[in-house]
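First the structure, in the form of structure tokens, and then the observations on it.
First the proteins, then the strands, lettered A, B, ... as listed; each starts at 1. Computed from heavy atoms alone, side chains included, the values below leave out hydrogens, waters and symmetry copies.
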Protein chains: 2
Amino acid sequence: MSTATVSRALSSPERVSDGTRARVSEAVRVTGYTLNQTARSLRQRSARTILVALPDIRNPFFSSILDAIEREVTARGYGMLVANLYFGHQATRLQDYLLSNRADGLLLLDGSLNADDLRVITSAPYSVPLVVACEDIPNSGFHTVVTDNVQAAERATRHLIELGHRRIGHIFGPEQNVVARDRLAGFNRAMNREGLPIAPEWVFRGSFEMDSGFAASARYMTLADRPTAVFAANDESAIGFLSGLRRHGILCPRDISVIGFDDLGVAPHYSPPLSTMRQPRETLGKMAAEALIDLIEGRQGNGTPLRIVLQSELIARESTGRPAELASA
Amino acid sequence: MSTATVSRALSSPERVSDGTRARVSEAVRVTGYTLNQTARSLRQRSARTILVALPDIRNPFFSSILDAIEREVTARGYGMLVANLYFGHQATRLQDYLLSNRADGLLLLDGSLNADDLRVITSAPYSVPLVVACEDIPNSGFHTVVTDNVQAAERATRHLIELGHRRIGHIFGPEQNVVARDRLAGFNRAMNREGLPIAPEWVFRGSFEMDSGFAASARYMTLADRPTAVFAANDESAIGFLSGLRRHGILCPRDISVIGFDDLGVAPHYSPPLSTMRQPRETLGKMAAEALIDLIEGRQGNGTPLRIVLQSELIARESTGRPAELASA
DNA sequence: GTGAAAGCGCTAACAT
DNA sequence: ATGTTAGCGCTTTCAC
């Protein structure tokens, strides 16, 4: 029996006779043969592996998306290489993975990379399949799966307004981050639509990290005139903020309402249980992985860039309530 | 110029003349040549990639270890494939990665796999390098990097005892989990050494998840005779427990002291800031990755299984205090 | 339905 | 210091 026949029996069993197929499986069983994926990759010019690049694995938001991606990718017989980007702007490192044929496509969860650098690898002659997820790269024309952060932030802010708040602040994320900017834009839009003023000193700078929320609380305390509610760009900064306020005797929701974003695992168990916007993380990860593999396998190749925009859901818990001056009403 | 020369210029530049080296780098620059890692892997029988297998990427404890691993691995020029194990016991899936030459070694963060299944791939003829980290596989003889959970759990429990508590409970982790068992053992040891009784109804079953801590709080409330302090197997269950108690008006640390384990990011910002044991996660991940790569590259091949045991650190915050009956003293 | 043979892109052994 | 050659293990024509 030739190696060609074995190869056929293994990868397209319908092309060999029943007898051959049986003899091959038996031989595989007895010898413990495992196909050398490296040789196959070389021959087929496909690694059956994708590369996922993200800004921070430790961030629970990303890690749960990574989980969804891993499930989908595994189900379709692919492996998942993971690269952390730390300080962003490392398109060259990704290039190395992709152009060296170690991965067949890139799933990028970081909007901070330069679109032109990326286009080097996505366009001819390399034509590496790319799907951008979570963090949009605006006007890049890349295939994209995101949630509508502007809309969701507007919804979160409107939640505070509907409760009767008029004096509302925001904890901003990293200045250069698309997601943070979108959430600020949504905040602004909600305020504008209701004709509410936006006080610049009520927009606290932040970094999506707990410490930055904590720092915001210190600045909050120095204000002569304070907002009665705050929309934080994510749950981490909301938690850091609340933690800081508590040390100054400011209680939520009695003295202030706070809404976050992401619905971290701890949100329902925080004190108070945190109101937040929940993104469909599993769906997002799954759809992004599906899209990338479709692209790799030549389906979904109709040219027009894919753009999937998912919606987030308001989860109202106990960290938001009516403002103190209306509480008795 | 032959392909061999180019290969040499790229992988061992000292073996070619200055002129050749310069011409090669120039040509590389001009043509945008990238070495085909797949072909190199096939030829050298090494993928320069490791496989990390873990029970749950979403768990922030694992994801921060993953982060440390990724840094080390990247620094040494390797890639990192990640596989989630969900329900454990999937040694065959890992086999497939390793025996097919997609990965040169396995970094296993899950103690629930069967040692004999693993030995199939670690012993001849395959001899796949393996390092077990975080969760020990007892008596397996595998190279191992862990923290001393018995000792750390004993320290946590002693912290409660030193504060004056005598009636102390425990929230257990998953029954089959080595880490959970070690932490229970450490709890028992501390209690025994102080001659304190362990009430079976004060050892709550758990799963390391917040919900299980929450469920434990419901059982706590039904007790006629309640402990004044609880050592929870991890921060998640501590947080779920506190969250449940709060709904029943039991306040921490006034009415009960609780200490967790892991020092999650939220621990210092929880209400109250959570006392906990901090494991050296970065060190653990880094050392495990180092050990695995040394093994792959043939260093550290002296035969005796490596066993690194790191210590954890008590972080006393505000969730632990003196018991109510001593508080005025 | 099966076999023979070429070749994916690289590196290592050998020769010069 | 460089070139020649063989071959890693697989898949894929092409022949039969």
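For DNA chain D, the span of nucleotides reached by chain A at under 4.0 Å from its heavy atoms goes, 5' to 3', from D:dG9 to D:dT13.
Taking B:Ser2 as the reference, B:Ala4, B:Thr5 meet the side-chain contact (heavy atoms from CB on, under 4.5 Å) condition, with sequence neighbours excluded.
In this structure, A:Asp18 atom CG and C:dT2 atom C1' are separated by 15 Å, rounded to whole Å.
Residues B:Leu54 and B:Leu85 form no side-chain contact, since every pair of their non-hydrogen atoms from C-beta on lies 4.5 Å or further apart.
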| field | From CA spacing to verdict: side-chain hydrogen bond (donor to acceptor under 3.5 Å, both in side chains), A:Asp67, B:Asn84 | value | CA-CA 8 Å; A:Asp67 179 57; B:Asn84 222 339; 2.5 Å; yes

| task | Apply side-chain hydrogen bond (donor to acceptor under 3.5 Å, both in side chains) to the pair A:Thr147 and A:Gln279, showing each step before the final yes or no. | result | CA-CA 7 Å; A:Thr147 62; A:Gln279 300 188 61; 2.8 Å; yes

| Passes side-chain contact (heavy atoms from CB on, under 4.5 Å), B:Phe61 versus B:Cys134? Steps please. | CA-CA 10 Å; B:Phe61 177 71; B:Cys134 297; 4.2 Å; yes

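The side chain of A:Thr5 contributes an N or O atom lying less than 4.0 Å from OP1 or OP2 of C:dG3.
A salt bridge is defined here as a Lys NZ or Arg NE, NH1 or NH2 lying under 4.0 Å from an Asp or Glu carboxylate O, and B:Asp116 with B:Arg119 meets this definition.
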Might you list the N or O atoms of the protein lying below 3.5 Å from N or O atoms in nucleotides 7-11 of chain C, with each pair's distance?
| residue | atom | partner | partner atom | Å |
| --- | --- | --- | --- | --- |
| C:dG7 | N2 | A:Arg43 | NH1 | 3.3 |
| C:dC8 | O3' | A:Arg45 | NH1 | 3.4 |
| C:dC8 | O3' | A:Arg45 | NH2 | 2.4 |
| C:dG9 | OP1 | A:Arg45 | NH2 | 2.4 |
| C:dG9 | N2 | B:Ala39 | O | 3.4 |
| C:dC10 | OP1 | B:Tyr33 | OH | 2.5 |
| C:dC10 | OP1 | B:Asn36 | N | 2.9 |
| C:dT11 | OP1 | B:Arg40 | NE | 2.7 |
| C:dT11 | OP1 | B:Arg40 | NH2 | 3.2 |
| C:dT11 | OP2 | B:Ser7 | OG | 2.4 |
| C:dT11 | O5' | B:Ser7 | OG | 3.4 |
| C:dT11 | O2 | B:Arg43 | NH1 | 2.4 |

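The main-chain N or O of A:Asn36 is never found under 3.5 Å from a side-chain atom of A:Thr38 such that the two would form a donor-acceptor pair.
Each of B:Val146, B:Leu108, B:Thr144 was scored for a side chain to side chain contact (heavy atoms under 4.5 Å, CB included) with B:Ile137, with one residue passing: B:Leu108.
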